[in-house]
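Encoded as structure tokens, the structure appears first; notes follow it.
To find a chain, count down the sequence lines: A is the first, B the second, and so on, and within it residues start at 1. Note that these values count all heavy atoms, side chains included, but never hydrogens, waters or copies made by symmetry.
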Amino acid sequence: MAIELEFPDGQKKEYPVGTCGREVAISISERLGKQAIAARLNGVLRDISTPIENDAKIELITLSSDDGLDIYRHTAAHLMAHAVKDLYGDDVQVTIGPSIENGFYYDFYSEKHTFTPEEFEAIEKRMTELAAADLPIQREEMDRDQAIRLFRDMGEAFKVELIEDLPDEKVSIYRQDDFADLCRGPHLPSTKYLKAFKLTSVAGAYWRGDEHKAMLQRIYATAFLDKKALKAYLHKLEEARKRDHRKLGKELDLFSFSEEAGAGLVIWHPKGALLRTLLEDFERREHLKRGYEIVIGPQILRTELWKTSGHYNNYRENMYFTEVDGQSYGIKPMNCLSHMLIYKSKLRSYRDLPLRFFELGTVHRHEKSGVLHGLLRVREFTQDDAHLFCTPDQLHEEIKGVLGFVQDVMGIFGFEYELEVSTRPEKSIGTKEDWDRATNALMEALRETGLPFDINEGDGAFYGPKIDVKLKDALDRRWQCATIQCDFTLPERFDLTYVGKDGEKHRPVMLHRVILGAIERFVGVLIEHFEGKFPLWLSPVQAVVLNVTDNQQKYAEKVFSQLLDLGLRVKKDFRNEKLSFKIREAQQEKTPYMLVIGDQEMADGTVTPRFRTGKNLNAMTPADFAELVSRECERHQ
RNA sequence: GCCACUGUAGCUCAAUUGGCAGAGCAGCGGUUUUGUAAACCGCAGGUCGUGGGUUCGAAUCCCACCGGUGGCUCCA
């Protein structure tokens with residue numbers, strides 16, 4: 001029997017026959033300063049105490065690794081459940097509690113008790129006591145039936161249900177003191193390792209993620225290896241809250257929502273509307289550059305057409321309907337229909353393809369009330385939507401073109417993003433050949449760009465596979481923005497054709513795609529990304545003219561109108577206030593440039609620009625300043 | 001939609017266990033003419049989200065509805 005050990009630093013070592021696994025692990029862990037808390041045994045994560053019975057390849061896991069931290073948090077989840085059971089006993093049933101990014105959660109079920117944040121401190125206190133008690137955490141394997149009996153006797157019905165659904169004959173449970181939990185593991189050897197955790201929120205969650213099943217109470221918590229890291233994380237959260245787009249949207253007077261207008265409907269104020277317009281102008285330019293044609297369709301289309309497209313059957317509960325002259329109309333939740341009508345408006349030849357129809361299309365979707373979230377989830381929004389129609393041969397190049405477009409645009413804004421390919425779901429239409437061809441086209445194009453991507457098996461639309469692009473917001477939440485979707489149904493349902501070289505009719509391939517996604521959502525992510533300090537080319541107000549006293553007002557007016565004429569987005573503040581007061585306000589509005597005009601500037605025919613970082617430039621003429629601004633804007637576009 | 005929490009002046013927040021609704025900022029009127037993040041004085045501003053109910057009396061307790069927050073399910 002031979003054991004090959006791999007240390008966290010990559011160093012490897014062989015151990016001789018006959019060595020007991022536990023001893024090896026412990027002795028190694030001692031050599032590492034007791035840092036090893038788990039091990040990857042022949043590729044599988046296991047407890048550090050796992051006995052080794054055969055030849056084995058062991059990779060030691062320390063807390064400083066991602067796996068280690070994950071195990072740490074998972075054990076912390078058990079600790080929380082343990083504390084909750086200690087405090088609330090049989091009033092509360094345990095269910096599951098995994099580790100997540102930055103922490104963990106545990107779902108509890110109770111008819112008698114509702115958790116509130118006021119109780120967090122008491123739970124944390126109990127957790128700290130249990131951790132300090134240095135309780136050994138022991139794994140135990142038992143037969144399914146035995147485990148079912150065990151948890152049934154404990155009154156843990158949810159655990160019983162879990163075990164009943166497990167395929168294995170043997171299940172493992174973890175014990176610490178009198179607390180036992182069904183768990184695959186692995187876990188830390190003892191509770192004493194847990195040093196820094198904090199309960200953060202309580203929320204509802206469906207049992208097994210099914211909205212028809214019981215509603216559980218989920219307690220979210222964060223956990224780090226030490227108090228310092230925990231504090232740093234909490235500080236980061238605090239900072240993130242400061243850049244919340246809902247807060248900044250109000251402070252910067254960009255947009256609002258109105259209870260009177262209705263939920264999920266954005267009201268764009270002058271500065272927000274200008275920001276949005278600048279984005280839209282940018283989009284039109286970028287699309288025209290890439291061979292897209294701008295089109296515009298109606299906001300409502302007859303319900304019959306939504307029946308043809310399949311939306312009436314598959315998407316009706318998300319749609320709004322209205323009646324005109326006794327005819328039923330559907331308010332569009334998507335822009336594809338009119339684009340297809342344009343395609344169908346005349347006979348198409350293979351020579352016409354690819355066709356790329358672009359529309360800044362406003363859509364309405366009846367989103368469930370509970371999901372609305374600032375600009376990130378609304379009921380009326382505008383997509384930078386395009387539909388590409390091409391021959392099967394062109395598909396690959398078209399997808400590559402869109403991916404390149406996405407890369408360019410994300411680069412301009414400096415966004416981090418993740419890519420996912422979603423493959424065929426169970427409920428879907430189209431032939432296997434269609435799906436394979438399209439999925440391969442998506443993946444091949446992605447491989448050629450060299451960007452890393454994940455595969456989301458079975459998560460495609462029912463009509464075709466897709467690539468999703470997810471941006472990260474200030475709280476590290478992912479928001480889907482860009483998406484590229486292949487569609488086999490709509491060309492079929494609408495009988496779209498083109499005449500091929502052979503003179504025969506063929507079916508074009510259709511791609512739905514958006515780059516920013518929804519302008520509303522994108523603006524929301526953008527606000528958080530830049531913390532409201534938009535780059536000059538996107539700033540609704542690029543500069544504000546400030547006079548020091550009334551004495552320079554006439555000259556300042558002249559400068560102001562000159563800059564307006566030169567195309568700058570400029571405001572003036574000639575109020576009878578101290579300069580420092582006006583600068584403070586301009587700073588709070590995050591205006592990029594403040595143009596100070598005092599007697600000196602008036603005498604020289606100049607302005608002194610102050611950037612929002614606090615940096616002053618040398619005095620310059622208004623024309624030179626306008627030149628500087630336009631140069632700076634060009635760099636970003 | 002579901003679970004929990006929540007709604008007071010334009011904004012940010014107060015209001016002892018039910019007993020006359022308050023502050024700062026913003027606004028308005030004065031004074032002040034000011035050089036890089038807050039000059040000073042005064043005035044005005046609210047049917048306490050809406051509608052019911054309990055009570056001698058409700059911002060406060062109960063119910064319904066409309067919003068919002070944190071999640072879940074769903075999604076751009």
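Checking A:M215 against A:V202, the closest nucleotide of RNA chain B that is more toward the 5' end is the one next to A:M215.
Ring pair A:F115/A:H113: centre-to-centre distance below 6.0 Å.
For the P atoms, the distance linking B:rG10 with B:rG49 amounts to 12 Å, nearest Å.
The aromatic rings of A:Y292 and A:F358 sit perpendicular, their planes meeting at an angle over 60°, well past the 30° parallel limit.
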If a pair means Watson-Crick or G-U wobble with both distances below 3.5 Å, what does RNA chain B look like in dot-bracket form, with | marking bases paired to a different strand? (((((((..((((.....[..)))).(((((.......))))).....(((((..]....))))))))))))....

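Out of B:rG70, B:rA39, B:rG35, the shortest distance to the side chain of A:E601 is found at B:rG35. Of the candidate nucleotides B:rA39, B:rA76, B:rC72, B:rA76 has the atom lying nearest to any side-chain atom of A:R377.
Nucleic acid contact class of A:V378 (heavy atoms, under 4.0 Å, all strands): base. At a threshold of 4.0 angstrom between heavy atoms, the contacts of A:T114 are confined to the sugar-phosphate backbone, with no base atom among them.
Note on A:R208: every side-chain N or O is 4.0 Å or more away from OP1 and OP2 of B:rC72.
Distance, A:F257 CZ to B:rG67 P: 13 Å, rounded to whole Å. One can place CD of A:Q217 at 10 Å from P of B:rC5, the figure rounded to the nearest angstrom.
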Nucleotide-resolved protein contact map, nucleotides 6-13 of chain B, B/S/- at heavy-atom distance under 4.0 Å: -B---SS-

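Here A:F381 packs flat against the base of B:rA76; its ring centre is closer than 5.5 angstrom to the base's six-membered ring, tilted by less than 30 degrees.
For A:R208 and A:D165, the salt-bridge test passes: some basic side-chain N is under 4.0 Å from an acidic carboxylate O.
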For nucleotides 29-33 of chain B, tabulate all protein N/O to nucleotide N/O atom pairs closer than 3.5 Å, reporting atom names and distance.
unit_1: B:rU32; atom_1: N3; unit_2: A:N576; atom_2: ND2; d: 2.7
unit_1: B:rU32; atom_1: O4; unit_2: A:N576; atom_2: ND2; d: 2.1
unit_1: B:rU33; atom_1: O2; unit_2: A:D550; atom_2: N; d: 3.2
unit_1: B:rU33; atom_1: N3; unit_2: A:D550; atom_2: OD2; d: 2.7
unit_1: B:rU33; atom_1: O4; unit_2: A:D550; atom_2: OD2; d: 3.0
unit_1: B:rU33; atom_1: O4; unit_2: A:N576; atom_2: ND2; d: 3.4

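Both cation-pi conditions hold for A:R73 and A:F224: the charged atom is under 6.0 angstrom from the six-membered ring centre and inside a 45 degree cone around its axis.
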